[in-house]
Structure formats: C-alpha cells, structure tokens
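Okay, so here's the structure we're looking at.
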Amino acid sequence: MGKPGALIPVLALLAFLAFGLVSGGNFNDDCDATWEPQNCWVYDSGNSLSLALVSNSSGSMIRSKRQFIFGTVSTWIQLVKGNSAGTVTTYYLSSVGDYHDEIDFEFLGNETGQPYTLHTNVYADGIGNKEMQFVPWFDPTDGYHKYTISWTPCMIVWYVDDLPIRVFRNYRQSNGVAFPTSRPMHAYSSIWSADDWATQGGRVKTDWTHAPFVANYHGIDLNICECYGGDCVYGCAGAYGQPYCGGLSDEQRWKMQWVQEKYRIYDYCVDYKDGKVPGVECSLPQY
C-alpha cells in the first residue's frame with residue numbers, strides 16, 4: 001500500500017467529480033443583474049463588467065447564478081475615479097434568507113485625493129460586527145487589482161493582489177464562535193449610495209454632479225463547490241477539508257502582518273468603545 005499522503009490527490013479528484021466542483025467564470029454565463037440592470041454593462045465577450053451608480057436610489061448589482069458551499073472567488077476591480085465620496089462598491093458572498101451568512105469586501109469612497117477605505121466583515125447565523133478596515137497601499141482607481149475571498153471549512157482568507165490581509169478561523173465547535181458552514185452562498189458585486197455613513201462617518205456627502213459613478217470589473221474566477229442545500233453541504237465540506245486547510249505559509253503570514261501593522265485602521269477586536277466586548281475569537285490564533 002502506498003503512503004497515506006498519496007491518497008489526498010485521489011480523494012480530492014473523487015470529491016471534484018462527486019460534488020460539483022467547478023472553476024472559471026464569465027459575467028455573461030455565470031451572473032445575473034438582479035438590481036437596476038440598466039446600470040450594468042457586460043462587454044469584452046463577457047469578460048468585463050461596469051456597474052454604475054446614477055442616483056441615491058439607483059445603483060446596480062450582479063449575482064452569480066450558482067450557489068456554493070466553500071471555494072475561492074476572485075475578480076479584478078478598478079474603483080470609481082475622482083470624487084467617490086458616499087459611494088460603496090462591493091464584492092462579497094452571501095446566503096439567502098434569515099440568519100444569513102456573508103463574507104464582505106466593501107470599498108468606501110472618499111473625496112478626491114483622499115484614500116478609499118477597504119472594509120471587511122463576516123456574518124454567520126445572522127451575526128456580524130467583525131469588521132476590519134484598511135487603507136490601500138496602492139491607488140485602487142489606477143488600473144485593476146485582484147480581490148479574492150477563500151472560504152473553507154477551516155478558515156476564511158481575504159486577499160488583495162494575492163496578498164493575504166486577514167484570516168478568520170473556524171472556532172465554532174471548539175469555542176462556540178459562529179462561522180459559516182451550512183448555508184449555500186452566491187457571489188455578488190454591487191455599487192450603491194451610503195453617504196449617511198460611508199465617508200468620514202457621513203460628514204462628506206456625495207456630489208451628484210459627478211454622477212454616474214462607475215466601477216469596472218475584469219474577469220471572474222469561481223473555483224467553487226456548487227451546492228443548493230441538502231447532502232451536498234457535507235460533500236463540499238469533505239472536498240474542501242484537507243488539503244485546503246493547511247493555513248498560510250510563513251511568507252504569507254509575514255506579508256499579512258506587514259499589511260496589518262502598516263495599513264489597518266480599524267479592528268473590532270480592540271474596539272472597547274461604548275461598552276463593546278470583543279468576541280472570544282479575538283484571543284485565539286487566527287493564522
């Protein structure tokens with residue numbers, strides 16, 4: 001009999017075949033415009049997308065046609081140029097229904113010359129309030145940058161240009177920390193107005209003379225385990241267990257620590273204002 005480690009690729013292949021793991025993507029083939037489709041344009045044979053915010057009640061949203069449990073989703077985004085105050089551009093995963101699960105990238109606009117805020121959060125069983133925010137170390141309006149969410153039974157990792165910026169580990173069984181494990185999700189992208197809070201706490205409002213505000217996307221990569229509930233939940237958990245739960249490499253941990261030390265501007269784990277009490281996960285290793 002061969003070494004046990006040699007079985008891992010075989011088991012991964014069997015899971016791939018049995019539980020609908022799929023990869024690749026195209027905005028035409030894989031997404032639907034679910035809000036204000038007149039403000040959404042797909043072009044370049046389905047490889048490029050633009051979403052426009054034209055008024056405080058008319059933005060746009062797309063959603064993946066497929067639902068899934070676990071996987072890695074990526075896209076390349078060029079954020080709104082110039083004065084983007086009050087706008088929110090998003091890229092996130094979310095389940096449908098009550099007590100929803102959600103994993104967020106949100107990009108909060110700002111005045112011309114002031115940096116965007118890169119906002120991350122995770123909801124499980126309808127419970128959120130796990131925000132971590134960064135200022136980008138690059139100009140997110142100058143060309144396209146890659147944003148990736150990796151969701152496995154062990155942990156969630158947020159990446160920017162393949163650089164990990166945050167990890168949220170699964171401590172559900174050991175410590176009772178809510179973690180998304182059972183509700184199939186869609187991938188979403190959207191742009192909308194939130195000038196009551198998005199920019200400098202709502203102090204700076206949207207200048208609608210600059211509308212429409214346009215965010216551009218290029219390419220979508222869905223490396224996912226397709227699932228709509230039922231037994232596939234357990235199959236996908238097996239498919240994305242080992243070898244997907246090995247954690248970050250030493251180099252990745254060093255890079256993430258560098259980003260967090262220099263560019264993180266908010267961490268819910270150290271926010272004690274107004275009587276807040278950080279969750280138990282804040283005292284546990286995250287990587």
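Position 1 is the first residue of the sequence; numbering continues from there.
How far CE of Met185 is from CZ of Arg63: 14.0 Å, rounded to the nearest 0.5 Å. Distance CZ/Arg166 to OG1/Thr120: 4.0 Å, rounded to 0.5 Å. Rounded to the nearest 0.5 Å, atoms CG (Asp142) and CG (Leu79) are 11.5 Å apart. A distance of 6.0 Å separates OG1 in Thr148 from CG in Asp162, rounded to the nearest 0.5 Å. Interatomic distance, CG of Asn39 versus OG of Ser190, reported as 12.0 Å (0.5 Å rounding). Note that the CG atom of Leu49 and the OG atom of Ser189 stand 7.0 Å from one another [nearest 0.5 Å].
For the residue pair Thr90 and Glu106, no side-chain donor N or O sits within less than 3.5 Å of a side-chain acceptor on the partner. Judged by distance alone, the side chains of Glu111 and Gln200 do bring a donor and an acceptor atom under 3.5 Å apart. One side chain, Asp207 or Thr209, offers a donor N or O that lies under 3.5 Å from an acceptor on the other.
Under the 4.5 Å side-chain criterion, counting only non-hydrogen atoms from C-beta, His119 is in contact with Glu131. Using a 4.5 Å cut-off on side-chain heavy atoms (C-beta onward), Phe107 and Ile77 make contact. Residues Leu163 and Val259 form a side-chain contact, since some pair of their non-hydrogen atoms from C-beta on lies under 4.5 Å apart. The side-chain heavy atoms of Phe68 and Tyr228, taken from C-beta on, include no pair separated by under 4.5 Å. Contact annotation: the side chain of Leu53 never approaches that of Pro212 to less than 4.5 Å [non-hydrogen atoms, C-beta and beyond]. Side-chain atoms of Cys227 and Val233, non-hydrogen and from C-beta on, do get closer than 4.5 Å to each other. Between Val214 and Leu51 there is no side-chain heavy-atom pair separated by less than 4.5 Å. Residues Ile224 and Val73 have side chains in contact (heavy-atom distance under 4.5 Å, counting atoms from C-beta outward).
Residue Tyr43 belongs to a hydrophobic cluster whose other members are Trp41, with links defined by side-chain heavy atoms closer than 4.5 Å. Cluster note: Tyr188 groups with Trp35, Met61, Val88, Tyr92, Val96, Leu108, Trp192, Trp197 through ILVMFWY side-chain heavy atoms spaced under 4.5 Å, whether in direct contact or through intervening members.
In this structure a side-chain-to-backbone donor-acceptor pair under 3.5 Å is present from Ser64 to Arg66. Not one N or O on the side chain of Thr152 forms a donor-acceptor pair closer than 3.5 Å with the backbone of Tyr240. In terms of modelled atom types and a separation under 3.5 Å, the side chain of Lys65 and the main chain of Asp29 share a donor-acceptor contact. A donor-acceptor distance shorter than 3.5 angstrom exists from the side chain of Asn121 to the backbone of Lys130, with no hydrogens or angles considered. Under a 3.5 Å cut-off, the side chain of Asp32 and the backbone N or O of Thr34 do not form any donor-acceptor pair. For Arg172 (side chain) and Phe179 (main-chain N/O), a donor-acceptor pair under 3.5 Å exists by modelled atom type. Between the side chain of Trp76 and the main chain of Ile220, no donor-acceptor pair closer than 3.5 Å is present. Under a 3.5 Å cut-off, the side chain of Asn47 and the backbone N or O of Asn26 do not form any donor-acceptor pair. Looking at Asp125, its side chain never comes within 3.5 Å of a backbone N or O of Tyr99 through a donor-acceptor pair. In this structure, Ser60 contributes its side chain and Ala52 its backbone to no donor-acceptor pair below 3.5 Å.
For Trp208, the ring-ring contact (aromatic ring centres under 6.0 Å, His included) partners at least two apart in sequence or on another chain are Phe213. Contacts of Phe70 classified as ring-ring contact (aromatic ring centres under 6.0 Å, His included), with partners at least two apart in sequence or in another chain: Trp151. For Asp267, the side chain to side chain contact (heavy atoms under 4.5 Å, CB included) partners two or more places apart in sequence, or in a different chain, are Met132, Arg264, Cys269, Val270. Residues that satisfy the salt bridge (charged side-chain N to carboxylate O under 4.0 Å, His left out) test with Lys205, not counting sequence neighbours, are absent from this structure. Among residues two or more places apart in sequence or in another chain, the salt bridge (charged side-chain N to carboxylate O under 4.0 Å, His left out) test is passed with Asp44 by none. In this view, Tyr263 and Trp137, Trp258 satisfy the ring-ring contact (aromatic ring centres under 6.0 Å, His included) rule, not counting sequence neighbours. The side chain to side chain contact (heavy atoms under 4.5 Å, CB included) search around Gln252 returns Tyr159, Pro164, Leu248, Ser249, not counting sequence neighbours. With sequence neighbours left out, Tyr123 forms a ring-ring contact (aromatic ring centres under 6.0 Å, His included) with His100.
Summarising the local packing, OH of Tyr266 is surrounded by more than 12 heavy atoms from other residues, nucleotides or ligands at distances under 6.0 Å. The 12-atom threshold is exceeded at NZ of Lys81, counting heavy atoms of other residues, nucleotides or ligands nearer than 6.0 Å. Within a 6.0 Å sphere centred on CD of Glu251, other residues, nucleotides and ligands contribute 12 heavy atoms or fewer.
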Check step by step if salt bridge (charged side-chain N to carboxylate O under 4.0 Å, His left out) holds for Arg183 and Asp101. CA-CA 7 Å; Arg183 295 178 181 88; Asp101 298 337; 3.2 Å; yes
One pair to check against side-chain contact (heavy atoms from CB on, under 4.5 Å): Ile149 and Leu93. What are the steps and the verdict? CA-CA 8 Å; Ile149 297 170; Leu93 314 183; 3.9 Å; yes
Checking Val135 against Tyr116 for the side-chain contact (heavy atoms from CB on, under 4.5 Å) test, could you report, in this order, the C-alpha distance in whole Å, the side-chain angles of both residues, the deciding distance, and whether it holds? CA-CA 6 Å; Val135 291; Tyr116 267 80; over 6 Å; no
Show, in sequence, the C-alpha distance, side-chain angles and deciding distance for Gln78 and Tyr217, and conclude whether the side chain to side chain donor-acceptor pair (under 3.5 Å) test is met. CA-CA 6 Å; Gln78 181 183 37; Tyr217 296 72; over 6 Å; no
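Shown here for Pro115 and Asn110, the closest heavy-atom pair between the two residues is O-ND2, 2.8 Å. Across every non-hydrogen atom of Asp139 and His145, the tightest pair is O-NE2, 3.5 Å. Across all their heavy atoms, Cys40 and Ala33 have their closest contact at SG-CB, 4.3 Å. For Asn28 against Ser45, the heavy-atom pair with the smallest separation is ND2-C, 4.3 Å.
Residue pairs meeting the disulfide bond (SG atoms under 2.5 Å apart) criterion with at least one member in residues 90-136, sequence neighbours excluded, do not occur.
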Report all side-chain donor-acceptor pairs from residues 273-283 shorter than 3.5 Å, counting only partners two or more places apart or in another chain.
from: Lys276; atom 1: NZ; to: Asp271; atom 2: OD2; distance (Å): 3.0
from: Glu281; atom 1: OE2; to: Tyr268; atom 2: OH; distance (Å): 2.7
from: Ser283; atom 1: OG; to: Val280; atom 2: O; distance (Å): 2.9

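Shown are Thr206, Thr112, Thr199; of these, the side-chain contact (heavy atoms from CB on, under 4.5 Å) with Asn83 is made only by Thr112.
Cys245-Cys154 SG separation is under 2.5 Å; the pair is scored as a disulfide.
For Tyr91 and Tyr147, the ring centers are positioned 6.0 Å apart or more.
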